[in-house]
Amino acid sequence: MSDARKVHIKSFGCQMNVYDARRMADTLARDGYAETAHAEEADLIILNTCHIREKAVEKVYSELGRLREMRAEAETRGRSQMIAVAGCVAQAEGKEIIRRAPSVRLVVGPQNIHRISELVARANNGEAVVDTEFAVEDKFEQLAAPKPEATRARGISAFVTVQEGCDKFCTFCVVPYTRGNEASRSVERILRETQTLLSQGVKEITLIGQNVNAYHGKGPEGRDWTLPRLIARLAEMPELLRIRYTTSHPRDMDDELIEAHRDIEKLMPFLHLPVQSGSDRILDEMNRKHTRAEYLKIIERARKARPDMAFSSDFIVGFPGETDQDFEDTLSLAREVGYAQCFTFKYSPRPGTPAADFGAQVPEEIKSERLYRLQELIEAQQHAFNLSCVGRELDVLFEKPGRHEGQIVGRSPYLQPVPVIAPSSIIGSVARVRVNELRTYSLIGELVAQPQISPTNNSAAEVNAFA
Ligand code: 5AD
Ligand code: SF4
């Protein structure tokens with residue numbers, strides 16, 4: 001057993017949680033906690049939970065039951081383990097978690113993880129700590145001193161949070177309640193965090209936020225910047241090869257952002273734009289604040305700006321009151337768009353959200369059948385899209401060694417894995433690949449040219465540009 005304390009973070013749910021887990025690990029590293037992939041050997045175990053879908057809460061309690069047994073077993077070996085719950089279930093359940101699972105000593109909501117060091121220290125001193133309070137006014141504080149920034153990169157591609165929370169209040173969604181109202185980080189902080197990541201070898205960043213295209217962070221001159229303006233600024237950083245953003249809301253997909261896809265080469269031609277349903281009646285009940293026609297118009301404008309643009313979406317089937325015809329409208333919308341990939345969900349009532357109290361909840365068997373039919377369609381579309389890449393030349397950003405000797409794996413602009421035979425020095429650069437074959441979800445190909453941009457060292461100048 002080594003002396004260093006160890007933390008194991010198990011994360012569920014969205015990219016925001018992945019990001020939060022990394023920030024917690026980075027912060028705790030400063031307190032001497034090394035990260036471990038094995039819960040058994042950890043001194044601190046953090047469940048970073050997701051509340052978005054069905055039975056989320058019960059799943060957390062059953063996971064906690066398993067951890068309690070593991071903890072008892074560790075104790076017999078003389079190791080004491082502390083269990084913490086973070087994320088959106090922590091936010092929603094609060095002290096109820098400690099009441100139902102007394103082995104948990106710390107409950108921390110997503111708005112409060114910047115205090116994780118202090119909270120862990122208090123819990124280590126024997127206190128049962130619950131920190132889920134955040135006030136609307138705190139948002140302004142958080143903008144000045146938000147979540148811990150990334151201090152360590154883990155590879156070629158990294159997430160950078162640019163905004164959090166949501167004011168849209170879709171009637172099915174817990175996010176406005178668990179993540180609070182919409183708030184954007186300042187341009188300066190985002191540039192600084194990106195620069196830190198770039199200096200550690202990152203080449204691609206994905207700007208993340210629940211409503212990323214509602215971004216309106218303070219710029220260095222004191223006025224708010226839009227997402228496309230931020231992207232244009234980031235694109236000036238020479239070491240940064242690729243920029244992505246997720247998740248967008250159709251309401252905030254304006255001309256400036258669409259034009260950024262036309263004008264900024266580093267911005268990848270892949271747009272995750274959830275529509276949820278193809279029926280105007282259901283979109284209205286969902287409070288999505290856009291129609292089917294408006295959504296399709298955005299897709300058309302984006303394709304015009306960037307003909308090689310591909311799309312993905314989230315869909316919910318079985319929303320309360322969804323008829324066969326509403327569902328057919330969803331299928332026809334998907335056929336009209338032709339997606340490269342999608343996430344599909346059965347509606348699940350989230351306590352506290354308006355739709356949970358709507359009448360006409362759809363029976364489980366109908367939800368399952370609709371989900372199956374939609375997934376069948378989406379899988380066929382994904383396969384067709386992947387096949388359409390065979391015979392094409394695509395730019396690939398190489399990330400790591402592949403499974404086979406001599407193989408390096410990268411990603412296409414559409415996030416498909418692309419393994420090729422190449423020297424390991426290619427990692428971190430973009431090179432053109434001729435795609436010869438589709439194998440499951442991977443594009444098999446060969447290099448057609450030397451890397452376009454070789455990895456360069458960083459200049460400190462960028463860091464200070466806005467400091
Ligand atoms: N039921 C089913 N799916 C949901 N999502 C959000 N809330 C619910 C819910 N109550 C899905 C939406 C969202 C994605 C992140 O999760 O499709 O875009
Ligand atoms: Fe949830 Fe709707 Fe906000 Fe997305 S836009 S986070 S689905 S409330």
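What you see is a predicted model; the values in this text were computed from it and never measured. Both counts, for ligands and for their atoms, begin at 1 and track the order of listing.
Every atom of ligand 1 is numbered from 1 in the order shown, and the set under 4.0 Å from a heavy atom of Arg350 is 10 (N). Every atom of ligand 1 is numbered from 1 in the order shown, and the set under 4.0 Å from a heavy atom of Ile316 is 3 (N), 4 (C), 5 (N), 12 (C), 17 (O).
Residue side and main chain included, His249 places no N/O/S atom under 2.8 Å of atom 2 (Fe) of ligand 2.
Counting heavy atoms under 4.0 Å from ligand 1, residue Gln276 touches it through the side chain alone. Counting heavy atoms under 4.0 Å from ligand 2, residue Phe172 touches it through the side chain alone. Under 4.0 angstrom from ligand 1, the non-hydrogen atoms of Phe345 all belong to its side chain. Only the side chain of Pro176 comes within 4.0 Å of ligand 2, counting heavy atoms alone; its backbone N, CA, C and O stay farther away.
The N/O atoms of Tyr347, backbone and side chain alike, include none that comes under 3.5 Å of an N/O atom in ligand 1. Taking distance alone, with nitrogen or oxygen atoms compared against 3.5 Å, Phe172 approaches ligand 1 more closely than that limit.
Of all protein heavy atoms, the one closest to atom 8 (S) of ligand 2 is Cys170 N, 3.3 Å. Nearest protein neighbour of atom 1 (Fe) of ligand 2, counting heavy atoms only, is Cys173 SG, 2.3 Å. The nearest heavy-atom contact from the protein to atom 4 (Fe) of ligand 2 is Asn211 ND2, 4.2 Å. Of all protein heavy atoms, the one closest to atom 3 (Fe) of ligand 2 is Cys166 SG, 2.2 Å.
Ring pair Phe169/Tyr177: centre-to-centre distance below 6.0 Å.
The ring-ring contact (aromatic ring centres under 6.0 Å, His included) test with His272 is passed by exactly one of Tyr414, Tyr245, Phe311, Phe343: Phe343.
Of all non-hydrogen atoms in Asp308 and Arg306, the two that sit nearest each other are OD1-NE, 2.8 Å.
Both cation-pi conditions hold for Arg100 and Tyr61: the charged atom is under 6.0 angstrom from the six-membered ring centre and inside a 45 degree cone around its axis.
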